[in-house]
Amino acid sequence: MTPRPFRVKRTYAETDDTFTLELEPERPEEGFAFAAGQFNMLYAYGVGEVPISISGDPLKPLPLIHTTRSVGLVTEALRRLKKGDLIGVRGPFGTSWPVIPARGSDVVIVAGGIGLAPLRPALYHVLRNREDYGQIALLYGTRTPSDMLFTKELEQWRGRFDMDVGITVDRATGSWRGNVGVVTRLISRAPFDPHNTVAMVCGPEIMMRYTVMELTKRGVPESRVFVSMERNMKCGIGLCGHCQFGPSFICKDGPVYPHDVLTPWLRRWEI
Amino acid sequence: MLEALQHNGWTIIGPKVQDGVIVLDEIQSVDDFPIGYSDRQGPARYRLTRRANKAVFGYNVGPQSPKAVLHAARKVIWRGKKNDLKSQETAEPLPHIAFVGIRPCELKAILIQDDVLLRGPYGDAFYAARRKNLFFIVVNCGQAGGTCFCASTNSGPKADSGFDLSATELMGNDDHRFLMQAGSRRGEELLASLPARPVTEEDLKESGALFAHAVETMGRTLDTHGLKELLYQQLENPRWQEVAERCLGCGNCTSVCPTCFCSTVEDWTSLDGSEARRERRWDSCFSVDFSYIHGGSIRQTGMSRYRQWMTHKLAAWQDQFGTLGCVGCGRCITWCPVGIDITEEAAAIRSSAQQKEALDGND
Amino acid sequence: MKSRTVKVDYLARVEGEGGLLVKIKDNKISEVKLNIFEPPRFFEAFLRGRHFDEVPDITARICGICPVAYQMSSCNAIESAFGVHVDGALRNLRRLLYCGEWIESHVLHVFMLHAPDFLGYQDAIQIAKDHPELVKNALRLKKLGNEIMRVVGGREIHPINVRVGGFYRTPTKEALSALLPELEWAKEMAVEMIRFTAGLSFPDFDHDYEFVSLRHPDEYPVHEGRIVSSKGLDITAAEYNRHFVEEHVPHANALHSLKDGKTPYLCGPLARFNLNFDKLSPLCQKEAESAGVKPPCANQFKSIVVRSIETLFAVEEATKIISGYAPPDKPSVEVVPRSSSGAGCSEAPRGILYHHYKLSDQGMVMDARIVPPTSQNQRMMEYDLRSFVEKNLSLDKEELTLRCEQAVRNYDPCISCATHFLKLQIEQE
Amino acid sequence: MKKMAKPRLAVWKFASCDGCQLSLLDCEDELLAVADVVEIANFAEASREIQPGPYNISLVEGSITTPHDAERIHKIRRDSGLLITIGACATSGGIQALRNWKDVNEFFSLVYGSPHFIETLKKSTPISDHVFVDYELRGCPVNKYQLLEVLNAFLNQRKPNIFPHSVCMECKANKTTCIMVAKGIPCMGPVTHSGCGALCQSFNRGSFGCYGPKEATNTNSLGGHFKELGMSGDGVMRIFRNFNASAEPFRKESEAHEK
Ligand SMILES: Cc1cc2nc3c(=O)[nH]c(=O)nc-3n(C[C@H](O)[C@H](O)[C@H](O)COP(=O)(O)OP(=O)(O)OC[C@H]3O[C@@H](n4cnc5c(N)ncnc54)[C@H](O)[C@@H]3O)c2cc1C
Ligand code: SF4
Ligand code: SF4
Ligand code: SF4
């Protein structure tokens with residue numbers, strides 16, 4: 001329950017409200033390793049602690065990379081951090097994206113907004129081990145073109161012949177020439193074999209619901225659709241009770257779940 | 001016995017009359033015990049009463065449980081300075097504490113909290129520290145209270161294990177005595193140092209009769225058969241709405257419940273910001289903020305909050321920890337200001353589900 | 001000569017909202033107004049229809065600085081209506097609670113509201129920059145007053161433990177005794193406070209006041225007594241109505257009280273001191289004499305010294321009560337309502353506070369009347385202003401303004417209190 | 001390094017008893033420390049020195065009861081970065097909102113011709129009825145430690161540790177006996193916002209709701225329960241009609257029991 005002190009090595013803006021922190025441990029000898037999809041509890045001194053997914057490459061766990069959208073007091077305090085500041089880190093916690101079981105299958109990654117951050121480690125993994133997988137599709141939607149994360153990398157991925165990248169925005173602004181509409185609209189056209197696909201989905205809860213619907217419509221079994229859930233968390237380790245979702249604790253049993261486990265609960269309101 | 005414990009450096013926590021109720025507090029001498037006291041309990045009602053005899057443990061559980069000591073309402077979990085995030089707060093074990101006179105259901109509740117707070121991949125270091133150095137002297141129940149239902153949850157009226165010593169207070173034949181049983185080496189040692197005589201057939205008969213009497217007079221029952229599946233299927237039962245109309249969302253039930261463990265963390269700073277601390281305190285699934293995620297609370301209605309509480313206690317807990325989250329102590333019934341009764345609600349949901357099934361079957 | 005105006009739009013360091021206006025024409029004062037624009041709150045009105053048990057909680061909200069005074073006067077009035085007597089330890093606890101309020105309120109006024117005028121600062125925080133020890137000690141003393149209220153009353157502002165007939169729960173002996181070491185310190189500090197205030201410089205400003213205060217045969221008046229004046233008045237609270245009349249003046253949202261409908265009078269520390277000097281402890285009397293204030297003291301600027309003497313008195317009294325305290329069997333005496341009316345008076349830190357209630361046999365309030373000290377003193381404040389300005393016309397404007405403000409602050413006016421009791425008269429045009 | 005200018009604090013009064021702003025002066029141990037971290041730019045009760053705006057933080061006490069005050073609050077809003085209301089008067093209209101159920105004219109002996117010196121609005125309303133409020137601190141009076149906590153939290157840009165749950169949560173954490181269950185004394189605790197530390201209960205009396213309604217209250221259920229405890233309808237009406245009488249859930253419940 002005691003955070004490890006890390007120091008901010010670099011901090012930079014991704015969009016108007018989203019930024020990335022690169023953190024180095026004060027005691028590097030203790031090391032750090034994580035699996036794609038796991039999260040840390042980040043403690044902004046005096047302000048609070050929040051769960052944030054790790055958005056870096058699992059093979060290069062340090063510096064630790066977190067991409068965060070400033071939405072409230074704690075995330076805003078994280079945004080104010082400067083190079084050299086201290087930050088508390090507990091983790092990594094939670095389950096990870098099924099990059100190992102997905103070997104031999106097509107992989108579809110569907111992200112909405114900040115949801116791309118927790119998925120990036122999975123992307124790094126499958127692209128590095130490209131030969132282990134069938135087709136790879138990344139479908140990404142944001143509200144406007146200026147909300148798009150990791151734009152340089154997106155360009156690189158777009159340029160690759162061994163993966164398919166679909167990008168869309170809810171509202172076109174500026175010189176946007178690409179798709180307009182919700183990300184679920186990209187699913188029907190995406191190249192993958194529904195009967196041999198693992199899908200990984202992260203975004204707002206409502207977007208995930210519709211994405212799962214579209215995927216199942218195409219024939220992907222729900223047990224092969226993985227989503228990352230979000231709930232209030234105070235401890236991150238199953239002791240505080242806040243993140244309960246039906247019979248599970250999202251911090252230990254999640255955040256990444258095969259969707260069929262959640263189906264009975266997602267149908268009900270206010271679980 | 002108390003002296004023997006105190007002599008060995010144990011701080012004794014036990015029952016005591018305070019401000020019209022029997023609480024758990026530090027005990028200096030036998031006179032502190034609620035000798036000759038009893039209580040009458042019902043939904044939203046507790047009255048301390050006097051009894052004709054001098055029974056020491058002739059009452060049922062009060063509002064507090066050992067949770068108040070082991071998983072205290074407030075605890076600083078981190079304290080540090082701005083330019084050095086080292087915590088100055090360490091998990092200190094409590095002084096040696098002997099719980100004297102806790103009930104079988106309370107002991108069971110401690111074991112359940114152990115499951116929650118110690119068994120996972122990550123334990124609660126503060127709870128673990130407090131959980132060390134404890135001595136349990138359980139007093140079995142020879143009478144049941146108006147809101148008790150431990151017989152339904154298999155946690156009483158007699159404790160089977162987990163204690164150092166267990167006692168049953170016997171008063172038959174005008175002979176005031178305790179039937180003792182050791183549950184650990186330490187218990188045996190203590191027992192050996194006490195004036196005692198071997199157990200007679202008579203003693204066993206009397207205690208057996210007491211337990212039977214307690215089970216018989218238990219104020220409440222809970223049918224646990226298939227309860228988890230039932231509740232999971234009945235998440236949209238209209239009964240939830242009915243109880244929400246009475247429920248005040250005050251959180252008394254979760255506060256008094258000996259197994260509820262939920263907590264939140266507060267961040268405090270000195271005025272100039274140079275020092276900060278993080279303090280953990282009890283939270284409750286009845287508070288709106290409990291399910292807050294950026295943008296709003298998930299459980300906006302009283303209906304969903306009551307449902308979370310009851311389905312967690314009686315259903316989800318089984319998935320999470322393999323047991324019920326309820327030991328049948330009846331506190332939540334007694335101390336709910338409007339007397340909402342978990343057993344009554346569970347029964348109502350069961351019967352309306354059965355009715356519906358019968359109706360559907362007729363179609 | 002030209003005409004001059006002294007105008008303070010917003011009086012600082014007083015409780016509540018008021019201003020003052022003095023107009024001078026040809027070296028003569030043409031107009032003096034204490035302008036009270038604090039909005040009225042109509043307490044007397046909404047007390048009607050409330051149960052007597054709720055009255056001390058409601059009237060406390062008239063003033064955050066002297067809630068105990070309101071609670072005590074309410075209790076006195078209602079108990080007198082119902083023929084209830086509160087004696088012994090319960091009575092002492094009430095007195096103790098009131099001592100807490102006196103200490104808190106007097107120290108607040110002396111150091112934080114009044115002293116800056118004498119020392120030439122804008123506020124106590126500025127004083128603290130030059131004299132940190134002084135202000136720290138003052139705060140510590142003030143805190144003790146609050147502590148007493150917290151232990152007896154539950155909290156310092158709007159105590160929750162006061163009820164008609166006594167208390168909801170009486171404090172333990174241990175809880176009270178825990179205050180004794182600090183009271184020990186406080187006694188020395190209060191003596192120092194007297195000496196410090198005695199050393200301030202006071203304008204020459206004696207005035208022939210009629211002093212009005214409570215008087216009790218055995219003790220310095222705090223929470224009860226007869227009403228007496230320096231000109232021979234000696235009545236019970238029940239007779240107050242026959243001797244004091246309130247009058248509404250157009251420039252203020254508050255009423256002015258006059259004795260016998262015509263004479264302004266002075267209540268508050270100076271009045272209490274002058275009329276009850278004999279009831280002060282030997283130490284208080286001794287310190288008063290060495291401080292150079294002895295009855296009759298007729299210089300309102302010296303009220304700061306008298307407040308300090310009363311602080312010492314309250315500290316000594318609190319110590320006495322706590323030392324002799326044995327918790328009573330019951331926290332309150334039984335109160336049986338009957339159809340009746342009753343009046344009650346007590347000594348708020350700033351003067352006598354009068355309450356009168358008409359009650360039904362069900363214990364419901366039929367009618368309420370409350371006269372706070374500030375409205376009783378209001379006319380006197382205007383008199384003071386007038387005569388002070390008359391004597392000091394040579395002062396420059398800034399100095400004159402400051403002195404005028406100070407003349408008002410001498411009264412420790414509590415403007416929120418003064419405004420709640422409006423019953424306006426017709427002014428048909 | 002350049003020293004950052006201290007945030008400027010102003011304290012304002014509307015119809016009230018002064019108790020809430022007095023709470024600031026009652027922070028004897030912390031007052032000087034507060035003065036170290038903020039510049040007290042306008043606090044008439046404490047200082048003669050009144051500096052003009054703008055202010056970073058304004059604490060507003062009292063309710064709006066006159067047309068003049070209804071205008072004054074707009075100017076204060078314009079002059080203030082953060083506007084924090086303190087106490088029952090400012091957050092719900094306070095005790096003087098009891099007039100809302102009475103005809104104020106009744107309190108003037110007669111209608112008078114030119115009421116230029118006394119203009120009174122028919123109702124006493126909270127500040128948030130008039131301007132946007134950044135934070136509301138409840139209580140009659142506010143708890144001085146909570147007042148410090150709000151200032152502290154805003155200075156440190158964190159969330160104040162003040163919770164909208166029931167008084168019961170504090171009562172249980174303090175191990176205070178529940179007087180309603182154990183003694184049958186009606187208590188507003190279950191519907192009242194925490195903050196006092198469950199004070200009344202520790203003095204063996206029922207809460208009278210001076211912190212106003214908690215989040216998501218169910219006053220209806222409690223009102224019914226009071227009757228079961230033997231309270232008259234009029235009694236239920238009065239217990240909900242107190243220092244936060246015009247806070248919505250309390251107002252509704254009191255009106256439901258009006259004869
Ligand atoms: C597993 C997981 C992974 C995540 N990964 C990421 C990620 O990679 N990137 C990212 O940007 N986000 C991520 N999030 C979301 C992120 O945790 C939240 O955005 C963050 O917690 C917001 O905190 P905040 O303090 O900034 O804002 P808020 O959510 O507004 O406030 C935080 C806390 O303050 C309290 N609070 C705030 N306002 C109020 C109020 N008005 N009333 C009462 N209480 C209030 C709440 O209790 C809350 O706990 C993730 C969340 C989870 C669960
Ligand atoms: S749910 Fe109720 S009966 Fe069960 S353990 Fe908790 S308080 Fe006791
Ligand atoms: S019932 Fe509620 S408070 Fe109790 S453990 Fe479960 S979620 Fe937590
Ligand atoms: S069930 Fe009872 S104790 Fe629990 S929150 Fe509802 S009203 Fe309060």
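Only this structure's heavy atoms are used, side chains among them; waters, hydrogens and symmetry mates stay out.
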Item to check | Interatomic spacing from CZ in D:F208 to CD in C:E54 - rounded to 0.5 Å | outcome: 10.0 Å
Checklist entry - How long is the span from the CZ atom in D:R48 to the OH atom in C:Y121, to the nearest 0.5 Å? => result 15.0 Å
Next on the checklist: Only pairs of heavy atoms separated by less than 4.5 Å count here; which of C:T170, C:I125, C:N146 has the most with chain D?
Outcome noted: C:N146
Next on the checklist: Quick check on the interface: out of C:N161, C:I58, C:I160, who has the most heavy-atom pairs with chain D under 4.5 Å?
Outcome noted: C:I160
Next on the checklist: Could you check whether atom CG of C:D329 has more than 12 heavy atoms from other residues, nucleotides or ligands sitting under 6.0 Å from it?
Outcome noted: no
Checklist entry - Can you name the one residue among C:K142, C:R155, C:K143 that meets side-chain hydrogen bond (donor to acceptor under 3.5 Å, both in side chains) with D:D26? => result C:K142
Item to check | D:S23 and C:I157: CA distance, side-chain angles, deciding distance, side chain to side chain contact (heavy atoms under 4.5 Å, CB included) verdict | outcome: CA-CA 8 Å; D:S23 299; C:I157 301 173; 3.6 Å; yes
Checklist entry - Is a salt bridge present between D:R205 and C:D57, judged by a nitrogen-to-oxygen distance below 4.0 Å? => result yes
Specify the closest pair of heavy atoms between [X] and [Y], including all atoms of both residues, with the distance to one decimal.
| X | Y | value |
| --- | --- | --- |
| D:R238 | C:H51 | NH1-CB, 3.3 Å |
| C:D123 | D:A46 | CB-O, 3.1 Å |
| D:C17 | C:I62 | CB-O, 3.6 Å |
| D:F203 | C:Y168 | O-CB, 3.2 Å |

Do the side chains of [Y] and [X] get nearer than 4.5 Å, heavy atoms only?
| X | Y | result |
| --- | --- | --- |
| D:C89 | C:R61 | no |
| D:L22 | C:L108 | yes |
| D:E28 | C:V107 | no |

Which bit of [X] is near chain C, if near means a heavy-atom gap under 4.5 Å: side chain, backbone, both or neither?
| X | result |
| --- | --- |
| D:D29 | side chain |
| D:C210 | side chain |
| D:S202 | backbone |
| D:L32 | side chain |

Next on the checklist: For D:Q201, is there any backbone N or O sitting under 3.5 Å from a side-chain donor or acceptor partner on C:R169?
Outcome noted: no
Checklist entry - Does the side chain to side chain contact (heavy atoms under 4.5 Å, CB included) test come out yes or no for D:E45 and C:I65, once each step is laid out? => result CA-CA 12 Å; D:E45 185 173 355; C:I65 295 190; 3.5 Å; yes
Next on the checklist: Can you tell me which of D:N242, D:L25, D:N204, D:L199 forms the most heavy-atom pairs within a distance under 4.5 Å of chain C?
Outcome noted: D:L199
Checklist outcome for this item: The interface call for C:R163 against chain D, heavy-atom contacts under 4.5 Å, is neither
